[in-house]
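All chains are named by letter (A, B, ...) in the order of the sequence lines, taking the proteins before the strands, and each is independently numbered beginning at 1.
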Amino acid sequence: MAASEFLTTLKRTHTCGQLRAGDVGNDVVLMGWVDSRRDHGGRVFIDLRDRDGITQVVFGPDYDAAAHALAGELRGEFCIGVRGKVISRGTNINPKIPTGTIELEATSLEIFSRSETPPFQIEDGIDTAEAIRLKHRDLDLRRPELQKNFIVRSKIYQSVRNTLTEERFLELETPFMGKYTPGGARNFLVPSRLNPHHFYALAESPQLYKQLFMVAGMDRYFQIVRCFRDEDLRQDRQPEFTQIDLELSFVVEEDVQRVVEKLIVALWKDAIGADITAPFQRMTYDEAMSKYGVDKPDLRFDLPLGDITEAAGTSGFKVFDDAVAAGGIVKALRIPAPGGEKLSRKDLDGLTDFAKPYGVRGVAYVRVNEGGAWQGAPAKATSESARTAINTRLGAVAGDVILFVADKAKTANTTMGAIRLEMGRRLDLIQKDAWRFLWVTDFPLFERGDAGNWVASHHPFTSPKLEDLPHLESDPGRVRARAYDLVLNGNEIAGGSIRIHQAEVQARAFRALGLSDDEARAKFGFLLEAFKYGPPPHGGIAFGLDRLAMLLCGADSLRDVIAFPKTQKGTDLMTEAPVEIQQKQLDELHITIKK
RNA sequence: GGGGUGGUAGUUAAGUCGGUUAUAACGCCGGCCUGUCACGCCGGAGGCCGCGGGUUCGAGUCCCGUCCACCCCGCCA
């Protein structure tokens with residue numbers, strides 16, 4: 001085949017999104033894919049598409065007979081090069097595209113490659129099953145709406161690198177293949193051929209390495225890094241995902257937060273041109289849980305929860321009284337008049353089904369009438385004094401609806417938190433274009449594990465608050481952590497903490513977690529060893545970059561901002577990974593498969 | 001581990017109480033067309049009704065199993 005004149009001598013002069021009225025009269029060369037064709041016989045119109053946009057190309061026998069003849073063969077997704085003269089479209093403009101005032105009068109055409117009919121339309125807003133899109137991801141990624149997402153994603157990388165480099169951070173890499181450490185997310189394991197029966201673990205995060213960088217005197221580190229977690233997938237969770245990971249020496253919480261705020265402001269500006277104001281709002285974990293039922297409240301709408309345990313405990317309504325007697329709480333959500341009236345009896349009864357997955361038996365509700373009287377299941381049994389106390393506590397007035405959940409504290413909060421979000425959506429209370437950032441602070445250092453033991457709620461290297469240190473042994477549940485999460489519109493987008501840098505405090509933390517010195521040494525010995533040699537005070541944070549990208553792009557799913565994502569079962573529909581492997585490979589790895 | 005939704009042409013969907021030849025739109029193929037831009041007009045092709053079994057004279061439809069995708073709970077220090 002002869003060398004392409006288009007590639008060797010003509011060369012591309014513009015992209016398909018560049019040409020404007022000012023270019024009229026110029027001889028240009030475009031390359032791209034046939035987005036659509038409209039063949040009128042004597043005139044063939046082609047919408048030529050590349051990453052940058054769409055330009056209309058016109059073929060006619062009077063422009064170039066050979067090109068016109070060849071254009072008759074063009075079909076969707078043919079990859080072509082076109083040379084032609086930019087001409088004005090006069091009054092016949094297409095306002096839908098930026099290049100709509102001009103078009104290309106084609107004088108030469110080369111078909112680089114032909115295309116079979118694609119399995120779905122290459123256009124925005126398609127309704128095609130995601131499985132089919134994922135199987136042909138290369139074609140899916142041709143669609144402008146996905147390309148836009150990856151353009152934003154690329155800007156995120158650049159912005160992060162610029163800002164952090166300016167702030168004296170070093171971009172450093174850490175191993176993916178490391179040592180398995182128990183606790184936390186399940187690791188993917190990689191067999192070691194050279195070391196029979198031994199396995200690497202893929203890093204679930206670079207946590208320990210970045211602390212070692214601090215010991216090493218790197219001062220400020222960041223990395224845009226892949227992490228791997230073998231957990232069940234969700235709309236916003238993939239088995240491999242990307243973090244923006246940072247760590248700083250000689251800092252306290254506010255220092256980390258200040259850097260992060262600077263990073264976010266720059267990021268929003270660079271990626272989507274939005275202006276964000278810092279500093280962000282702050283809220284303690286306790287306040288978040290009690291007012292919103294979650295540790296990542298969506299503040300784009302109000303609708304706070306109320307704790308009415310005290311008033312409800314002796315209300316006379318058995319559901320409330322029993323829950324409180326069993327050590328639980330009663331949580332209420334007051335939906336003010338205009339919204340409350342919109343909720344039908346069916347809507348309200350339906351909340352019980354909505355809430356069931358969270359482990360509660362039901363959701364009670366009342367409508368508040370004139371004079372504060374209640375109408376609904378709890379109304380009759382509830383004493384007047386309790387009712388008045390609850391109304392007062394919630395500020396309930398006629399026309400309101402009050403929802404109740406009575407259960408163990410965690411269950412009640414989680415359930416009500418979910419109901420609050422659902423109500424926000426259903427009643428259309430959410431301010432759609434708002435960016436509500438929030439720091440959530442003062443997390444508990446420990447929480448109860450399945451066996452009633454204490455487990456680290458962040459990770460075991462998180463520093464306790466100094467004033468809570470005295471309770472570390474006597475009342476671990478009371479100890480707060482120097483941890484902070486950054487929340488955006490109800491999504492946790494980053495989490496971090498100030499770390500322990502004193503061996504003696506670390507030893508106490510391990511003991512509180514039920515780890516003996518020997519066990520601690522076996523699991524984290526290399527870190528403890530490093531900490532013998534003058535570790536600096538340090539702290540850091542890690543962002544879920546994919547989630548950030550999802551929010552910045554306004555995408556519904558992480559899969560729309562990850563180029564080649566996995567399905568919910570962790571498979572790749574395009575490559576069909578994971579696959580079974582041959583006995584020979586297994587033998588090399590000294591692995592026997594259990595059938 | 002548990003709960004839910006879905007799977008019919010290339011794509012998206014319809015398909016009644018189990019009953020004749022499984023429909024439509026878009027896409028695709030052929031023809032016509034010099035101003036379209038969701039081009040238009042005429043004609044045409046295209047089906048393992050996810051897969052396996054069962055019930056029945058007869059199954060896209062009913063039953064059992066299974067696979068796949070998605071959503072949720074648990075899980076994600």
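A centroid separation of less than 6.0 Å is found between the aromatic rings of A/Y221 and A/F213. Between A/F524 and A/F510, the distance from one ring center to the other falls under 6.0 angstrom.
The separation between A/D232 atom CG and B/rG3 atom C1' is 14 Å, rounded to whole Å. Per the geometry, CG belonging to A/D35 stands 19 Å off P belonging to B/rU36, to the nearest Å. Between A/E77 atom CD and B/rG10 atom P there is a gap of 19 Å when expressed in whole angstrom units. Atom CD in A/E116 sits roughly 12 Å away from atom P in B/rC29 (whole-Å rounding).
If you find the closest nucleotide of RNA chain B to A/P61 and to A/R237, the one lying nearer the 5' end belongs to A/P61. For the pair A/I87 and A/Q568, nearest-nucleotide mapping onto RNA chain B gives the more 5' position to A/I87.
Proximity of A/K356 to the phosphate of B/rC73: no side-chain N or O atom is located under 4.0 Å from OP1 or OP2. Considering only side-chain N and O atoms, A/T571 lies under 4.0 angstrom from the phosphate OP1 or OP2 of B/rA69. OP1 or OP2 of B/rA69 sits under 4.0 Å from a side-chain N or O of A/T567. Of the side-chain N and O atoms in A/Q121, none sit less than 4.0 angstrom from OP1 or OP2 of B/rC26. Between A/R49 and the phosphate of B/rC37, there is no side-chain N or O to OP1/OP2 separation shorter than 4.0 Å.
Using a 30° and 60° split on the angle between ring planes, A/H136 and A/F120 fall in the perpendicular class, above 60°.
Under the side-chain contact (heavy atoms from CB on, under 4.5 Å) test applied with A/R499, the options A/H538, A/M214, A/Q506, A/R482 reduce to a single match, A/H538.
Remark: ring of A/F120 does not overlap the six-membered base ring of B/rU11 in a stacked fashion, as centroids less than 5.5 Å apart with planes less than 30° apart are not both met. Aromatic stacking of A/H40 on B/rC39: satisfied, with centres closer than 5.5 Å and planes within an angle under 30 degrees.
Figure legend: A/R43 and A/Y63 shown as a cation-pi pair, the cationic atom lying under 6.0 angstrom from the six-membered ring centre and within 45 degrees of its axis.
At a threshold of 4.0 angstrom between heavy atoms, the contacts of A/D127 are confined to the sugar-phosphate backbone, with no base atom among them.
Of the candidate nucleotides B/rC37, B/rC72, B/rU11, B/rC72 has the atom nearest to the side chain of A/R234.
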